[in-house]
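As the structure is a prediction and not an experimental result, all values here were calculated from the model. First listed ligand is number 1; within each ligand, the first listed atom is number 1.
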Amino acid sequence: MNQTKAKNSVQHKKPTVIAIAGASASGKTLFAQTIYDELLPELGADGISIIKEDAYYRDQSHMTMGEREKTNYDDPNAFEHELLCRQIGELTEGNTVQCPVYCYKTHTRIDETIEINSTPIILVEGILLFCNEELRNSFDIKMYMDTPLDICLIRRIQRDTLERGRSIDSITNQYLDTVRPMYYQHIEPSKSYADIVITRGGKNRMAIELLKAKIRQLTK
Ligand code: C5P
């Protein structure tokens, strides 16, 4: 190995990809965002980034609004996991990717992308991250938010009425038809793949501090 090659291999240390999975409204976003916000002053924007699985929902612009509203968004097939997996692979190779942007009101991808650069720490959060074997294997650390489902439902009602333009009727019908059954079929069993299970939601201070300490150790 020549000197330049040896130097490059030190400079391009493979990023660490940390996945945070769990039920809808279990506190994944809050947990990931808290870690990000609290480490940003130390690591800088070149040091840490977040990817949301939600951004990879398949585009449905070819369907009528009625068809879009009936779609099962809690089934693994609702996501373009192959694109997410490919983009994580690109990031771990040190490349930049164009991340899709998803709109919950229209159930489609918008005509823009967000550029994400490769960073030493990549946080990925989403409901079905551990259900696809190839995707699961791209994570170095796997965490699962084990929040009681009744708490998740209360949070989901609050969030979906305020932020996603949904009525109480549509939230409860969707919950009973797909969200709850898919949780028991796909999400809850995927907990067994987690390295660390977090109780008490996204505000669990000890869990936040432990992950921050691990990230500091990985980046020093
Ligand atoms: O942010 P969160 O993890 O809750 O996002 C996943 C949830 O978004 C899924 O449980 C799914 O039911 C919901 N969803 C939706 N409408 C879409 C896409 C996803 O209600 N168009």
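- At a 4.0 Å heavy-atom cut-off, ligand 1 does not touch Arg68 at all.
- With sequence neighbours excluded, the residues that form a side chain to side chain donor-acceptor pair (under 3.5 Å) with Asp146 are Lys191.
- Ligand 1 has Arg156 within reach: a non-hydrogen atom of the residue lies less than 4.0 Å from it.
- Side-chain contact between Gln33 and Tyr36 is present, with at least one heavy-atom pair separated by less than 4.5 Å.
- Looking at Asp59 and Thr108, their side chains never bring a donor and an acceptor atom within 3.5 Å of each other.
- Of the N or O atoms in Tyr102, one or more lie within a sub-3.5 Å distance of an N or O in ligand 1.
- Nearest non-hydrogen protein atom to atom 2 (P) of ligand 1 is Arg159 NH1, 3.6 Å.
- Not a single heavy atom of Met182 lies less than 4.0 angstrom from ligand 1.
- In summary, Glu38 and Arg205 engage in a salt bridge, as defined by a charged side-chain N under 4.0 Å from a carboxylate O.
- Under a 4.0 Å heavy-atom criterion, Lys28 is in contact with ligand 1.
- Arg164 NH2, 2.9 Å is the protein heavy atom nearest to atom 1 (O) of ligand 1.
- Between Tyr57, Tyr73, Phe79, it is Tyr73 that holds the heavy atom closest to atom 17 (C) of ligand 1.
- Every atom of ligand 1 with a heavy atom of Ile127 under 4.0 Å away is listed here by number and element: 3 (O), 9 (C).
- Ring geometry for Tyr73 against His107 counts as parallel: the plane angle stays under 30°, on a 0 to 90° scale with 60° as the upper cut.
- At distances below 3.5 Å, not a single donor-acceptor pair connects side-chain atoms of Arg156 with backbone N or O atoms of Ala25.
- Cys152 SG to Arg180 CZ: the interatomic distance, rounded to the nearest 0.5 Å, is 12.0 Å.
- Listed by atom number, the atoms of ligand 1 under 4.0 Å from Ser24 heavy atoms are 2 (P), 3 (O), 4 (O), 7 (C), 10 (O).
- For atom 5 (O) of ligand 1, the closest non-hydrogen atom on the protein side is Asp54 OD2, 3.2 Å.
- For Arg109 and Tyr102, the positive end is not near the middle of the six-membered ring at less than 6.0 Å and at most 45° from its axis.
- Among protein heavy atoms, atom 12 (O) of ligand 1 sits closest to Asp74 OD1, 2.5 Å.
- No side-chain N or O of Ser26 forms a donor-acceptor pair with one of Thr147 less than 3.5 Å apart.
- Residue-to-ligand polar distances place Arg166 within reach of ligand 1: an N/O pair is separated by less than 3.5 Å.
- Ligand 1 places these atoms under 4.0 Å from at least one heavy atom of Ala25: 4 (O).
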